[in-house]
Novice: 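I'd like to ask you about the structure that follows.
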Amino acid sequence: MEGVTMDQPGVAVNAEADDSPSPSLPRHDADAAALNGVTRGDFAGFDELVDRHKVRLFRHIRRRIADPHKAEDLTQEAFLRLFRAARESGYSAGRARVVTWLFTIAANVVTDHLRAEGVRESVRLVREQSEPTDPHDAAAAREGESRVRRLLLELPEAQRTVVELHVLDGLTFADVAELVGAPVPTVKSRLVYALRKLKRLMDANDGGTES
Amino acid sequence: MNTDRNDDRELLELLAVESAREEGGDAPTDWSAVLGELRAETTAPSAGFNNALRRAWKAEATPTAAPKPRGRNWWRIAIPLAAAAGGRRSCLLWPGGVIDSRTGGGVVWADVVKAMDRVQQFHVIIFNDDPRRSDPAEKLLRLDIFYQQPDHWRAHGLGHVAFSTGGKRRTWSPKQRDFLENVKGQRTPDILPREFVDAHKKLGTLAGVLTTMFDGDVPKGEPVKSDEVASSQGIDVFDYAANASEKWARIWVLRESKLPLKMHLYYPDSDEFMLVTFDYSDPQPNVFFDADLFAAQAKRVQSDDPYRYYSIGSSPVAGMRPRAADQIHEVEGGYRAPKISRVVSNELGDVVIVTDDVKNLTPQGTRPHEQGYERITDTWGNRYLKVTDSSVVGPRGEHRWIYMPMPPFNRGTGPRQLTMSYVVQPRYGEHKELATETLDVPTTGATTKPQDWPKDLAAQKQFAWNQYLQRFGTVAEQLVEIDRSLAADAKNLSALAWKFRLLRKHGREPQAWTLFERDMRDRIFGEAKVLNDYYVEASQYLLYLAAINRTDELRDRSAAVRKILENAQKSAKDSKGSVKLYNLERVEHNPLYPATRVLEWREAYKNGPEIVRIIAGRDGLVFIELAIPKAPEGWASNGWDGEAPLGWFWQPTFGRSWQINARMAKLDTNRLWLVLRGDGKQIPISGEAMLALDNFNSKIVRHDAKIAWQRTVDVPEPTIDDVKPWWTKEAGNKGWWPLPAGNAQPAVVAQTDGVEQWMEMAKTFRDAGRYDQALPLFEKVIARAKGAMAAAVHAGRGFARRHGGDEQATDAHRASPLSLRAWPAR
């Protein structure tokens, strides 16, 4: 994943997103306000900020790290690095949005971890290993997830990345473009190619023939 | 889960449009279901995630809980510089100086300060190892700071060069090719911080450095001497710390000169470490500290290598330390021929020459294009051909060169003596003969050691001989060798491919393709490993199918090959492949990749580039902005401007009455800016989109897959007075403007007598079948001085490759894309 271009202006998002923290603030402004507060020791927006990103960030990391406990540790580490970086250099509205900054940091955290573990591949998609509480649901979920993992592995890395970031992690096209260092139209075309291929693979997997 | 997308509407609309285009009358795809299945993930962090994170951050953020994190202030390292200035306030910081615990002539700190105060110049080299950094490139850093009285500073580090003189600080960026202070929105790395220079000026270096190093709270403690071992060597050691568990410094001082030699800074809490060495024997001329002179020279350097910039202003010839590869090269005496230690021979006349292993590098720091022994002959009348050469890993650092006599081997009488020259080609076409050697060849077996001869010597010799014949052999010689191989094994694919290439090279297209389809095609396309070996021939076949419009076959073959390529690339990524498919794993410079996409690219790029705007000036110049078509999806290249991969580039031409006066490719926005000078109310624009080149070896009939486009645009009414200042402003003082503005219009297209023009005209004549006109031009090209040829090649106009002077072949692989770039107006 490419690094974030720090000099790019922030990308506006829809202020009326369903789970925006405040009706008066677009989400990225809310993120910025919360982050600035956290770095000053004001924890009022802490939970809101963390809740907004922790699940997708955890899943994003989880796709590369097999151990769920380690994935959670790394998710925490990504947040801590974000807080540290924001405290040292401050958050600027003219630079990357908090979410893209966080995902960039997460990529570095994962890379550092894999390097420390001696893993050569930069990206590893891994199978679910934890045991959900309900065995029936767990089996179904595992089957579905492992199939998705397997299908995603069939994609070229550039295409897989945009599928993960946009479809699975819920980032906007603009954010994905910033993260992968490609123009928005390229991101869109990669996504279309990727989804078409995934569809064919799913059909083939269901008993059809891959065209 | 939270999402920044409002919903999937935009994506679904995008997919619907694409699906409608793809599926035609088929039932529309239910993309919502696809997306739903992809989002089957159910995992989430544990319930206590927020609390744990909050606790961790609170512990870190509370000042009493943990030491305050430090920013990377480079000049924390600058405590040694403190001694340089001494300063009137140093007595406040070290009121008692250093306590000399020994009797006798030990150094006190005041002596060091005083000694440094007399030093006219110094150079400190700082290494910093910071384990907190996540980027490996930043974990270990080097910084050089040069000082010259009274107030001249220069620093090298983080790929930048900084200057400070008279309170004015400037930092040069090789990437920006300018001082960063002149570039809006650029962050300046703190390699020579303003605070440091200001503090040095106002307070003296020592006070400023100590205040910063100890976060404004300079400890009252005094440095203490320690390290009895160093003391016995005439070196005194000073330790200095406010809180030794947080950070402390150790400084080594030479007792005789009272000058510091090195310094360590330790940060026990983070394991960070810094080493500073002092050098007083590296004086630099005044120009070294002159930022303006530096900038003038730096703008001429065509490289991003920071070391090329670090060397500007200093010269090793005057006895100073070389910094860049070119200076090191000069000081070390340039290239060296190896020393021969042994010669070994066998019954067949083959020879092994064992030498030391020279590590020649060019002034640019790269390996030479070629180096080795040439023109090897012996007193028995044999000429020798290189079979292989290899470095032998081991303490002796040997290099083994194996040569075979060209068949048939002449057995003479008397002692056999070899004569040969060692030649280095720093770059293509530039020969430097370093030494001529005459050697006695010992009798067979004498001086032989185990492993002198490779086990597969016969196979290696056969390969070398085949390669030689393919390059320099006559057609008859090649056919004899091919027939010999096929007589031994009629299915010898290597020999068949050789025959196929020979037929194509000599224009026997029908015979070539008959041979390919009868004896080679199914074997090559049927197995990935074979395809890997004959990927060039396979790509040529796909282009042949495109050229003769066997579209259905092309589509099927392309799809099959793409599948193999995808699998090969995936296996390479996953490291699963048991068989290495090196040629198929590559995307760039793999002719199969574009050859399998001819049909779709032909459709996608048939309309040529979009003309975004056209503006005319009253000085007769016309500005045109073209939208550069993007490189095809999946192509790992910007697809433009000299970095175009095989099979993909665009270059417009504008007829003979218009000439390109200025040019700039804006790769970030996919734009090409041109300024034309010429005559007329209309500008004809044409170009070719090269989808895939039928290159790799010259051939009379080529099947390049390309699209030609043409259009004519009207020159609008002038709206700008003078185009050059307008362009300079718009282009941010970048771009290419070689011709002086204000030249009389219309311009006449320059037709020099350069080799490029001759070659181009010759090829034009040849392609038109006018060989009588082409031949004299080719002869003129061949007769051109070797140096000029090499220069042309390295200026990006390469087209010719010499093979030992025996044959001159057109290197279409290099020629076509680059040569178009070099001839903007044709």
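Every chain is numbered from 1, with letters handed out A, B, ... down the list of sequences. Nothing here was measured: the structure is a model prediction, and the numbers come from that model.
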Novice: Quick check: closest heavy atoms across B:Ala52 and A:Gln76, and the distance to 0.1 Å?
Specialist: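 B:Ala52 and A:Gln76 have their closest heavy atoms at CB-NE2, 3.1 Å.
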Novice: Measure distances from B:Gln569 to the heavy atoms of chain A and classify the residue's part below 4.5 Å as side chain, backbone, both or neither.
Specialist: neither
Novice: With a 4.5 angstrom heavy-atom cut-off, could you sort out which part of A:Val163 is near chain B: side chain, backbone, both or neither?
Specialist: side chain
Novice: Can you tell which part of A:Phe83 gets under 4.5 Å to a heavy atom of chain B, answering side chain, backbone, both or neither?
Specialist: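 Both backbone and side chain.
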Novice: For each of A:Arg84, A:His69, A:Lys188, tally heavy-atom pairs with chain B at distances under 4.5 Å, and name the one with the top tally.
Specialist: A:Arg84
Novice: With only heavy atoms counted, which part of B:Ala559 is less than 4.5 Å from chain A, the side chain, the backbone, both or neither?
Specialist: neither
Novice: A side-chain contact here means heavy atoms from C-beta on lying under 4.5 Å apart; do A:Phe43 and B:Trp57 qualify?
Specialist: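 Yes, close enough: below the 4.5 Å cut-off.
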Novice: Would you say the side chain of A:Thr75 lies within less than 4.5 Å of the side chain of B:Leu53, judging by non-hydrogen atoms?
Specialist: no
Novice: Given A:Val50 and B:Arg54, is the side-chain contact (heavy atoms from CB on, under 4.5 Å) satisfied, shown in steps?
Specialist: CA-CA 10 Å; A:Val50 174; B:Arg54 186 185 287 105; over 6 Å; no
